[in-house]
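Here is how names work: the chains are called A, B, and so on, in the same order as the sequence lines, proteins then strands, and each is numbered from 1.
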Amino acid sequence: MKLLRRSFYQRNTVDVAQDLLGKIVVREFNNVRMTGRIVETEAYSCFEPACHGFRGQTESNKALFGPVGHAYIYFIYGMHYALNVVARDDKTLGGGVLIRALEPLEGIERMEKLRKIHEIHNLTNGPGKLAQALHITKKLYGVDLTKKGELYIADDGFKKPSIIATQRIGISKAQDMMWRFVIKGNPFLSKKIK
DNA sequence: AATCGGATCGTCT
DNA sequence: GACGATCCGATTG
């Protein structure tokens, strides 16, 4: 397991979104280690209207404009958290990759307890679900994901998977852009592909 | 299988 | 005061 270096995130947001597929999210919580393989992502760049940073930097979205490789976490619909990794090239003001689904690996029992369910295929197959399963809240806002700690991202040598691009989910603007990426045929996606 | 509405609250208009 | 990068359970076909 190797940490992903900061330079990994210092690239075009869409490229990073694709290359994060197959990587591992590691969560250390109360001495329990929970991990999952990233199987679904979406790219958001602050020059397009679906991005939280489109209208400029605010207190709540400031991480999107901060150093790459850190966590941007937001709270939505009154009950869900979602995890992004800040990623952009040098000429872009802000951008991030939404982690939409994981394939659970380690700490599955703990995830089941946090999610209050026992179906492995329903544990982390959505942005709100995986945040609940890994106990990701705004306390982790801005955490550096390139360093070992409560939350980070690693590469276990998983072979670069074949991927499919689709439209992003749940947005009302810029719906035509094909910026959602999934590992082809993976059974832990938030939504089946047509 | 597909669609619909309720839950619930931080953020911006 | 409205709405959102969602989820879940209920209802309908």
Side-chain angles (χ1 to χ4, degrees), chain A residues 9 12-18 20-21 23 25 36 38-66 68 70-88 92-104 111-143 145 151 153 163-183 187-194:
Chain A
Y9 303 102
N12 180 283
T13 308
V14 173
D15 291 339
V16 176
Q18 298 180 56
L20 276 172
L21 293 175
K23 304 298 190 285
V25 172
I38 298 171
V39 298
E40 177 174 340
T41 61
E42 282 177 2
Y44 288 90
S45 189
C46 292
F47 65 76
E48 50 94 12
C51 181
H52 287 168
F54 180 65
R55 291 172 191 281
Q57 182 172 340
T58 66
E59 180 63 23
S60 60
N61 69 19
K62 63 182 179 187
L64 280 175
F65 299 88
V68 299
H70 288 245
Y72 164 57
I73 294 165
Y74 63 89
F75 180 66
I76 195 160
Y77 296 122
M79 55 181 76
H80 300 293
Y81 292 96
L83 169 67
N84 290 247
V85 191
V86 180
R88 64 176 184 281
T92 307
L93 281 176
V97 176
L98 171 66
I99 310 298
R100 284 195 56 91
L102 301 174
E103 178 171 342
M111 296 186 207
E112 289 177 335
K113 211 167 175 180
L114 285 160
R115 285 272 295 131
K116 301 185 173 79
I117 60 161
H118 292 278
E119 314 154 70
I120 189 167
H121 61 277
N122 197 24
L123 223 42
T124 54
N125 59 332
K129 294 179 186 180
L130 74 89
Q132 186 182 22
L134 300 187
H135 198 259
I136 291 169
T137 70
K138 268 204 160 167
K139 285 176 194 163
L140 295 171
Y141 191 95
V143 161
L145 301 170
L151 183 67
I153 300 182
I163 70 181
I164 295 176
T166 78
Q167 297 177 142
R168 292 172 293 182
I169 309 274
I171 55 173
S172 57
K173 299 156 204 155
Q175 293 170 322
D176 51 319
M177 306 175 87
M178 304 289 273
W179 280 8
R180 171 177 175 245
F181 303 102
V182 306
I183 293 184
F188 294 90
L189 305 181
S190 69
K191 195 179 177 201
K192 303 292 176 205
I193 39 181
K194 343 177 187 60

Inset, instruction - Write down the distance between CG (A:L64) and P (C:dA5), rounded to a whole number of angstrom. - result: 12 Å
Inset, instruction - To the nearest Å, give me how far apart NE2 (A:H121) and P (C:dC8) are. - result: 11 Å
Legend entry - Side-chain donor or acceptor of A:T13 paired with backbone N/O of A:A87 under 3.5 Å: yes
Inset, instruction - Find the distance A:K116:NZ to C:dC7:P and express it as a whole number of Å. - result: 16 Å
Legend entry - Considering all heavy atoms, the nearest A:N61-A:H52 contact: ND2-O, 3.2 Å
Inset, instruction - Look at the side chain of A:Y77 and the base of B:dA7, then say whether one donor and one acceptor between them are separated by less than 3.5 Å. - result: no
Legend entry - Under 4.0 angstrom between A:H80 side-chain N/O and C:dC7 OP1 or OP2: no
Inset, instruction - Give a yes/no answer on whether the side chain of A:R180 brings an N or O atom under 4.0 Å of OP1 or OP2 in C:dA5. - result: no
Inset, instruction - Look up atom CD1 in A:I136 and atom CD1 in A:I99, then write down how far apart they are to the nearest 0.5 Å. - result: 9.0 Å
Inset, instruction - State the CG-CD distance between A:L123 and A:E103, to the nearest 0.5 angstrom. - result: 12.0 Å
Inset, instruction - Could you check how far OH of A:Y81 sits from C1' of C:dA5, rounded to whole Å? - result: 16 Å
Inset, instruction - Work out which heavy atom in A:L20 is nearest to a heavy atom in A:I38; give both atom names and the distance. - result: O-CB, 3.5 Å
Inset, instruction - Write down the distance between CG (A:L98) and C1' (C:dT6), rounded to a whole number of angstrom. - result: 11 Å
Inset, instruction - May I ask you to list the residues of residues 164-172 of chain A, by number, that have any heavy atom positioned under 4.0 Å from an atom of DNA chain B? - result: none
Inset, instruction - Measure the distance from CG on A:N122 to P on C:dC7 and round it to the nearest whole Å. - result: 9 Å
Inset, instruction - Quick one: sort the A:W179 and A:F47 rings into parallel, tilted or perpendicular, breaks at 30° and 60°. - result: perpendicular
Inset, instruction - Measure the shortest side-chain to side-chain distance between A:L151 and A:V25 over non-hydrogen atoms and say whether it is less than 4.5 angstrom. - result: yes
Inset, instruction - Of all the heavy-atom pairs spanning A:C46 and A:C51, show the shortest one and how long it is. - result: SG-SG, 3.1 Å
Legend entry - Contiguous Watson-Crick or G-U pair runs (3 or more, under 3.5 Å) in DNA chain B: B:1-7 with C:6-12, B:9-12 with C:1-4
Legend entry - C:dA5 base stacked by A:Y44 (centroids within less than 5.5 Å, tilt under 30°): yes
Legend entry - A:R100 side chain vs A:V182 backbone, donor-acceptor pair below 3.5 Å: no
Legend entry - Spacing of A:R100 atom CZ relative to C:dC7 atom C1', expressed in whole Å: 11 Å
Legend entry - Qualifying residues under salt bridge (Lys or Arg N to Asp or Glu O under 4.0 Å), relative to A:R88, sequence neighbours excluded: none
Pairwise N/O distances under 3.5 Å, protein to nucleotides 10-12 of chain B:
unit_1	atom_1	unit_2	atom_2	d
B:dT11	OP1	A:K138	NZ	2.9
B:dT11	O3'	A:S60	OG	3.4
B:dC12	OP1	A:T58	OG1	2.5
B:dC12	OP1	A:S60	OG	3.2

Inset, instruction - For A:A50, report the nucleic acid contact type (base, sugar-phosphate, nothing); a contact means any heavy atom under 4.0 Å. - result: base
Legend entry - Rounded interatomic separation in angstrom, taking OH from A:Y74 and C1' from B:dC9: 15 Å
Inset, instruction - Kindly indicate, with the supporting measurements, whether the criterion side chain to side chain contact (heavy atoms under 4.5 Å, CB included) is fulfilled by A:M178 and A:Q167. - result: CA-CA 4 Å; A:M178 304 289 273; A:Q167 297 177 142; 3.8 Å; yes
Legend entry - Partner residues of A:K62 under the salt bridge (Lys or Arg N to Asp or Glu O under 4.0 Å) criterion, sequence neighbours left out: A:E59
Inset, instruction - Please check if atom NZ in A:K138 has more than 12 non-hydrogen atoms from other residues, nucleotides or ligands closer than 6.0 Å. - result: yes
Legend entry - Close approaches to DNA chain C from residues 123-130 of chain A, in residue order (heavy atom, under 4.0 Å): A:G126, A:P127, A:G128, A:K129
Legend entry - A:L93 atom CG: more than 12 heavy-atom contacts under 6.0 Å: no
